[in-house]
Protein chains: 2
Amino acid sequence: MLTTEDIGRIVRFHRKKAGLTQVQLARLAGVGKTVVFDIEKGKKTVRLDTLMNILAALNIRIELTSPLMEAFRERNNEES
Amino acid sequence: MLTTEDIGRIVRFHRKKAGLTQVQLARLAGVGKTVVFDIEKGKKTVRLDTLMNILAALNIRIELTSPLMEAFRERNNEES
DNA sequence: TTATTATTACTGCTATGGCGGTAAATATTA
DNA sequence: TAATATTTACCGCCATAGCAGTAATAATAA
């Protein structure tokens, strides 16, 4: 189970690898510096769009998985 | 790229498969009914914890992927 | 059709997330 | 060591997410 602490560690790792400070990442992602710190600290109550902007800036993809996802994809004609 | 609209469709699909109404899912996830509706509509500004509670109730896992994730996992001794 | 259920769309309210600014504490480099 | 950069931790302010309640549609069943 992925926790927000995991997310924080992943974000920090990617940010460091990208050679960015928290402030630089914040500007790049179009969010405030405070929330970058908060997310890296594992804050649970961040807004989804804020997190997604940060993940996108770091080229991290979100995926949802479950035993039903195959059925979902074929129901929605998933290709492209 | 996963969008919030995708998330909404996935949540709704899983909820239906589980035979739950929005209100039932809300109670199960410990959130308000309004936000279940909002998420299924693709709302971007929901809180991460709220979404995670709903996903957990539906047995949907969140995963983060990137070219650096392998390096991250081995750096953090990922097994268990 | 009618009755029932579920979804959608409002409402006001409260709590708090995000923000920049600042400053202190750490970490990094010279 | 000192100087610099970064991170952490505050601070108010504003905008809004989440909430239950309600009501109006919409979908489903009898």
Side-chain angles (χ1 to χ4, degrees), chain A residues 1-62 64 66 68 71-72 75-77, chain B residues 1-62 64 66 68 71-72 75-77:
Chain A
M1 183 52 190
L2 188 75
T3 66
T4 53
E5 287 75 18
D6 294 328
I7 294 174
R9 280 186 284 265
I10 291 169
V11 165
R12 172 170 288 233
F13 179 83
H14 283 74
R15 175 176 63 78
K16 295 279 194 185
K17 286 291 184 185
L20 297 170
T21 67
Q22 291 178 339
V23 173
Q24 289 172 327
L25 174 56
R27 298 188 85 77
L28 200 62
V31 302
K33 59 182 167 38
T34 308
V35 84
V36 173
F37 169 68
D38 289 340
I39 286 174
E40 291 191 0
K41 250 190 59 180
K43 190 177 189 182
K44 298 181 201 310
T45 54
V46 292
R47 288 211 316 249
L48 180 61
D49 60 338
T50 302
L51 176 62
M52 287 176 96
N53 286 338
I54 291 173
L55 296 181
L58 294 172
N59 263 301
I60 303 172
R61 294 168 48 103
I62 304 181
L64 301 186
S66 86
L68 289 171
F72 173 77
R75 186 184 222 265
N76 285 39
N77 269 5
Chain B
M1 181 52 191
L2 187 76
T3 67
T4 52
E5 286 76 19
D6 294 328
I7 295 174
R9 280 187 284 266
I10 291 168
V11 166
R12 172 170 288 231
F13 179 83
H14 283 73
R15 174 175 64 79
K16 294 279 193 185
K17 287 291 185 187
L20 297 170
T21 67
Q22 291 178 337
V23 174
Q24 288 172 325
L25 174 56
R27 298 187 85 77
L28 200 61
V31 302
K33 59 183 168 34
T34 308
V35 83
V36 173
F37 169 68
D38 290 339
I39 286 174
E40 290 192 1
K41 252 191 58 181
K43 189 176 187 183
K44 297 182 201 309
T45 55
V46 291
R47 289 211 315 249
L48 180 60
D49 60 337
T50 302
L51 176 62
M52 286 176 96
N53 285 339
I54 291 173
L55 295 181
L58 294 171
N59 264 302
I60 302 172
R61 293 169 49 102
I62 304 181
L64 301 186
S66 85
L68 290 171
F72 173 77
R75 184 183 224 266
N76 285 39
N77 269 8

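Note: hydrogens, waters and symmetry copies are ignored here, and every other heavy atom, side chains too, is used. Reminder, nothing fancy here: chain letters follow the sequence lines and each chain counts from 1.
- No side-chain heavy atom of A:Ile39 sits less than 4.5 Å from a side-chain heavy atom of B:Leu48.
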Next item on the list: For the pair B:Glu40 and B:Arg15, evaluate side-chain contact (heavy atoms from CB on, under 4.5 Å) and give the outcome as yes or no after the intermediate values.
Entry: CA-CA 10 Å; B:Glu40 290 192 1; B:Arg15 174 175 64 79; 2.6 Å; yes
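- Within the 4.0 Å cut-off from OP1 or OP2 of D:dT6, not a single side-chain nitrogen or oxygen of A:Arg12 is found.
- Taken residue by residue, residues 34-60 of chain A places heavy atoms nearer than 4.0 Å to DNA chain D at A:Phe37, A:Lys41, A:Arg47.
- Rounded to whole angstrom, the span from the CD atom of B:Gln24 across to the P atom of C:dT7 amounts to 9 Å.
- Contact annotation for A:Val23: no contact, since no heavy-atom pair falls under 4.0 Å across all strands.
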Margin query: Between B:Val35 and B:Ile54, is the side-chain contact (heavy atoms from CB on, under 4.5 Å) condition met? List the steps.
Written below: CA-CA 10 Å; B:Val35 83; B:Ile54 291 173; 4.3 Å; yes
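- Salt bridge present: A:Arg9 and A:Asp6 bring a charged side-chain N and a carboxylate O closer than 4.0 Å.
- Going from atom CZ of B:Arg27 over to atom C1' of D:dA20 covers 11 Å, rounded to whole Å.
- In this structure, B:Arg15 reaches the C:dT7 phosphate: one of its side-chain N or O atoms is under 4.0 Å from OP1 or OP2.
- Here C:dG18 presents its P atom at 13 Å from NZ of A:Lys33, a figure rounded to the nearest Å.
- Between B:Arg12 and B:Gln22, the closest side-chain pair of non-hydrogen atoms falls below 4.5 Å.
- For the side-chain contact (heavy atoms from CB on, under 4.5 Å) with B:Leu64, the qualifying choice from A:Leu58, A:Ile10, A:Val11 is A:Ile10, the only one to do so.
- Aromatic ring orientation, A:His14 versus B:Phe72: tilted (interplanar angle from 30° to 60°).
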Notebook entry, point to check: What do the steps show when you test B:Asp49 against A:Lys44 for salt bridge (Lys or Arg N to Asp or Glu O under 4.0 Å), and what is the final call?
Noted result: CA-CA 5 Å; B:Asp49 60 337; A:Lys44 298 181 201 310; over 6 Å; no
Could I get a table of every N or O pair under 3.5 Å where one atom is in the protein and the other is in nucleotides 24-30 of chain C?
none

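- With C:dT7, D:dA9, D:dT6 as the candidates, the nucleotide lying closest to the side chain of B:Gln22 is C:dT7.
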